[in-house]
Amino acid sequence: MMLCAGALLLAVPVAASSQDGARAQSSPAAAPTSVSAPVPLEQFARLPFMEGPELSPDGTKIATRLAINGSLRLAIIPLDDFKATRQIGAGDADLNGWTWVNNDWLVARVGSMKAVEGDSWYIRRAVSIAADGKKMLILGEREAAQIADDILWIANDGSPHILLGMQTSIYSNEPGFWPEVRDIDISTGKGKRVVPSNANVMDWYADGAGTVRMGIAYDDLSRTSRLLYRDRPGQSFRTVDKVRGPRASFGNVPAMFLPDPGKAIAYDDADGFNAIYNLDLASLKTGTKLFGVPGYDVDSLITGSGSTRVIGARYTDTRPRTHWFDPTLASVQDELDKAVGTRQAQIVSWNRDFSVLIVFVGGADRPGAYYLYRPAEGVMHVLAQVNEDLGTKAYAPVRTIRYKARDGLEIQAVLTEPRDKPAKNLPLILMPHGGPFARDDESWDWWAQFLASRGYVVLQPNYRGSSGFGTDFADKARGQWGLAMQDDLTDAVKWAVDQGIADPKRVCIVGGSYGGYAALRAAQRDHGVYRCAVSFAGVSDMSAILRYDASFLNDRRTRDFWHDQAADLKAASPINFAADFSIPVLIMHGKADTRVPVKQSREMVEKLKAAGKTYRYVEQPKGDHHFSQQADRVQFLKELEAFLAQYNPA
């Protein structure tokens, strides 16, 4: 298997000046695509060739997910011999994550639906894999119950040991239903229990030395959560905090334990936005703020040295960014930013001593590529293009805009414009993201770029309740599914029309998951705004999705969650108002979707059929919630293109 044509396609000096960077972007490799003919939709539908590459501790190998013949596989790539790459298929299982344990072993998390006592359960496992691909072990295979993939800690001394949280029973009245923690030698699969099951504790947390320090217990009957803590191994866990109620949460929970006794790091939103603080474990009170971003939440910590120190923090303003605490990586990031010009450079993986890095260079207007970079050498070598068909050249331009909702709330949105047309009186695709606690930003989006290539301007609002914009912005979504959250979308259309960008008579709404719900809701509620609607894996019946989710653990908390989204689930559900649908709708859903069951779309279609409405329904036999199969992506874009050509032509 060849990773890419010619393996290392080119070498780019990182020390280039900003002027050199500008020249590089105007070279043939970065030239704009031809406007004489649209790019074939199959090229936009390609699965990303490489995802999540992770360097081994010594920097000699990469573990990554590759798209091979339209499906995803785990690959282990020796950097000195690409031809020795090992591919590992997961069959029907999902590959949910992977990480190196030492230079010879890695551990992966997989999951799949299995029949259990007449029902269908999602079973999760951890699998150890030898770096040469010749040996694999399902960890805790004989004893594991439903969940056995919670990797709490990885040894930092080079030994093949991890701490694994795992259930040993599927019955809630047995102690093994609550996960125990085992120290496992992943090269043999043998292990020993280091923390026994504790009633109502589903989640355990360990420090960098491999000591389980904290657990969170939750009692669904009383809606009570307890924070359990201990200072050292051998000590009993004690309750240090307790909260009760549907919306109750702990104030300050350690996100990372520091080597200094009694010290940790925690997230806190004291000023309205998630930031990183020092935490005193004796009092559970925060101290010095280590890092925060005005107007935005910090997304995650980045740890190093065996999870004993913080080396960076990730956040998103208009696009994903990293603040590096480590001076070496901060210096490299500064050099990269200068070298790539208007493109985006992200350090995504590194070896133990930062002598070998993997850098992603891309942007909202291009799918980008992964590069191998050794700072001492000062040259970036192309490892793999994300999309070989589209390459690294620029496509439709993308920018962030802001508009005011009808109640005065400022909302950030992402605007993608066709590159070969002036942004004036164009057909508009309003595209709300899924989640809804998620967000869009200036990153490559294959839906938006495909639509822009067909002449549409695409607007993606981060409506109230989107993540990353602070506590108050998220709270404004409570009880507002299909109400104020829907109004935010309509107000986005108004902004685009008022700016002269969009033709008010040629607007369609397209979305997936929650975005699919919003599309169905718009077809039923927002008469006169849209000409058509497209829902992929959308929720149509909130009461039914509540019943589905409540069949899992902690059903009372699930019910609290859904009733928090809408005060009246029936009134907020499009399925109850099929007669009110005023525009044609395209509904697509994967039969293998475990997040939003396909029944949501099937029953919506039956209601539309009975009401005599115009619709098209396409069910994908192997489709899931995330377009994991390239064939499903192609089919989706074909159906979308044909539907829009009929009901909202560009």
Fill in: Audit row: T168, E180, side-chain hydrogen bond (donor to acceptor under 3.5 Å, both in side chains) steps and yes/no
CA-CA 8 Å; T168 58; E180 62 182 47; 4.5 Å; no

Fill in: Donor-acceptor under 3.5 Å (N102 side chain, W105 main chain)
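Yes, the answer is positive, given that a donor and an acceptor are paired below the 3.5 Å cut-off.
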
Worksheet item: Where do S222 and T224 come nearest, in terms of heavy atoms and distance?
Response: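 Where S222 meets T224 most closely, the heavy atoms are OG-OG1, 2.9 Å.
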
Item to complete: Can you see which heavy atom on Y122 is nearest to which on M113, and at what distance?
Response: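 Closest approach of Y122 to M113: CD1-SD, 3.5 Å.
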
Below 4.5 Å, heavy atoms only, C-beta onward: do [X] and [Y] meet side chain to side chain?
X	Y	value
N278	L290	yes
R125	D149	no
W100	D58	no
R230	S236	no
L152	V181	yes

Fill in: Audit row: S128, L106, side-chain contact (heavy atoms from CB on, under 4.5 Å) steps and yes/no
CA-CA 6 Å; S128 63; L106 64 153; over 6 Å; no

Pairing donors with acceptors under 3.5 angstrom, does anything connect the side chains of [X] and [Y]?
X	Y	answer
Q460	D445	yes
S355	N351	yes
W324	Q333	yes
Q346	T322	no
H625	T594	no

Fill in: Worked verdict on F273 versus Y267 for ring-ring contact (aromatic ring centres under 6.0 Å, His included)
CA-CA 10 Å; F273 297 90; Y267 299 107; over 10 Å; no

Item to complete: Using the side-chain hydrogen bond (donor to acceptor under 3.5 Å, both in side chains) rule, take S467 and R439 through it: C-alpha gap first, then chi angles, then the decisive distance, then the call.
Response: CA-CA 6 Å; S467 62; R439 62 165 295 174; 5.9 Å; no

Worksheet entry | Partners passing ring pair (Phe, Tyr, Trp, His ring centres under 6.0 Å) against Y205 (at least two apart in sequence or in another chain) |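 Scan of Y205 (ring pair (Phe, Tyr, Trp, His ring centres under 6.0 Å), adjacent residues dropped) gives none.
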
Discussion item. For R244, is the CZ atom crowded, meaning more than 12 foreign heavy atoms sit under 6.0 Å from it?
Written reply: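 No, the 6.0 Å shell around CZ holds no more than 12 heavy atoms from other groups.
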
Discussion item. Atom CZ of residue position R595 - does it have more than 12 heavy atoms of other residues, nucleotides or ligands inside 6.0 Å?
Written reply: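 No, because the 6.0 Å sphere around CZ of R595 holds 12 heavy atoms or fewer from other groups.
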
Fill in: Verdict with reasoning, F325 to H323, per ring-ring contact (aromatic ring centres under 6.0 Å, His included)
CA-CA 7 Å; F325 295 106; H323 173 83; 4.9 Å; yes

Discussion item. Strictly below 4.0 Å, N to O, side chains only: are R109 and D94 in salt-bridge contact?
Written reply: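 Not counted as a salt bridge, because no side-chain N and carboxylate O are separated by less than 4.0 Å.
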
Worksheet entry | Check against ring-ring contact (aromatic ring centres under 6.0 Å, His included), Y370 and F360 | CA-CA 4 Å; Y370 289 99; F360 173 75; 5.1 Å; yes

Fill in: Ring-ring centroid check W562 W481, cutoff 6.0 Å
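Yes, ring centres under 6.0 Å apart.
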
